[in-house]
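Okay, structure first, notes after.
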Amino acid sequence: FHTLSECGSVYVIFGCNGYIWVGEPQGGEQGTRTARESVGRAAACIRILHALFMPVHPESVATVWAASMEDNLSVADMMTESFRQIVADRHLASVMEAQEEEM
């Protein structure tokens, strides 16, 4: 059970069986448009990572979330092939940078 504070404080459960549940933040924002959009954005991040065969964990979801916010994308625009390419390119760049630091 994780609270992704950098992702609109949505709750995410990463099940051992491969299922992932995303829920609204509890408290004042519950049921608002902002809360529903946060849940949709987090779910879109997970779908993108899955489509790219990338690991799905709290940090990777937060990374895709940040990329979507940097590019000022709506939840619907996140599902485009061009955004998937951006995510893949950023992931490749971070892997290459990590390998260079090891050398």
Side-chain angles (χ1 to χ4, degrees):
F1 183 84
H2 299 273
T3 301
L4 303 180
S5 57
E6 55 276 321
C7 301
S9 295
V10 296
Y11 292 120
V12 181
I13 299 172
F14 297 93
C16 294
N17 59 358
Y19 286 104
I20 301 173
W21 293 268
V22 181
E24 288 185 340
Q26 300 298 313
E29 281 193 42
Q30 194 170 12
T32 65
R33 179 184 173 111
T34 303
R36 290 190 311 271
E37 186 174 307
S38 293
V39 169
R41 187 174 296 277
C45 292
I46 292 165
R47 287 185 186 108
I48 289 166
L49 291 165
H50 172 74
L52 294 171
F53 301 99
M54 294 171 64
V56 180
H57 50 78
E59 293 80 19
S60 63
V61 173
T63 300
V64 176
W65 179 289
S68 73
M69 297 304 283
E70 285 173 16
D71 292 347
N72 200 27
L73 296 174
S74 70
V75 174
D77 291 339
M78 289 174 66
M79 301 311 292
T80 62
E81 187 63 36
S82 61
F83 184 65
R84 286 184 191 175
Q85 187 63 49
I86 290 169
V87 170
D89 291 345
R90 288 182 183 187
H91 177 70
L92 180 61
S94 69
V95 168
M96 300 281 285
E97 184 177 301
Q99 286 181 347
E100 287 177 5
E101 289 176 3
E102 290 179 2
M103 292 183 178

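Put simply, V75 and I46 are part of two different groups of oily side chains (I, L, V, M, F, W, Y) that touch within less than 4.5 Å, one to the next. In the hydrophobic cluster analysis, where Ile, Leu, Val, Met, Phe, Trp and Tyr join through side-chain heavy atoms closer than 4.5 angstrom, W65 is grouped apart from L49. Hydrophobic clustering, with ILVMFWY side chains joined whenever heavy atoms are under 4.5 angstrom apart, groups L52 together with M79.
With respect to M78, the side chain to side chain contact (heavy atoms under 4.5 Å, CB included) criterion is satisfied by exactly one of L73, D71, V87: L73.
By the neighbour-count criterion of 12 heavy atoms within 6.0 Å, atom NE2 of H57 is densely surrounded, having more than that number from other residues, nucleotides or ligands. A 6.0 Å sphere centred on CZ of R90 holds more than 12 heavy atoms belonging to other residues, nucleotides or ligands.
Contact check for F83 versus V64: side-chain heavy atoms found under the 4.5 Å cut-off.
By the side-chain hydrogen bond (donor to acceptor under 3.5 Å, both in side chains) test, S60 pairs with no residue at all, sequence neighbours left out.
Taken from CD1 in I20 to CZ in R47, the straight-line distance is 10.5 Å, to the nearest 0.5 Å. Rounding to the nearest 0.5 Å places CD of E81 at 11.0 Å from CD1 of I86. Distance check: T63 OG1 to E59 CD gives 7.5 Å after rounding to the nearest 0.5 Å. The distance from the OG atom of S94 to the CD atom of Q99 is 10.0 Å, given to the nearest 0.5 Å.
If you check the side chains of S82 and T80, you find a donor sitting under 3.5 Å from an acceptor.
Here the closest heavy-atom approach between residue V61 and residue V56 is recorded as CG2-CG1, 4.3 Å.
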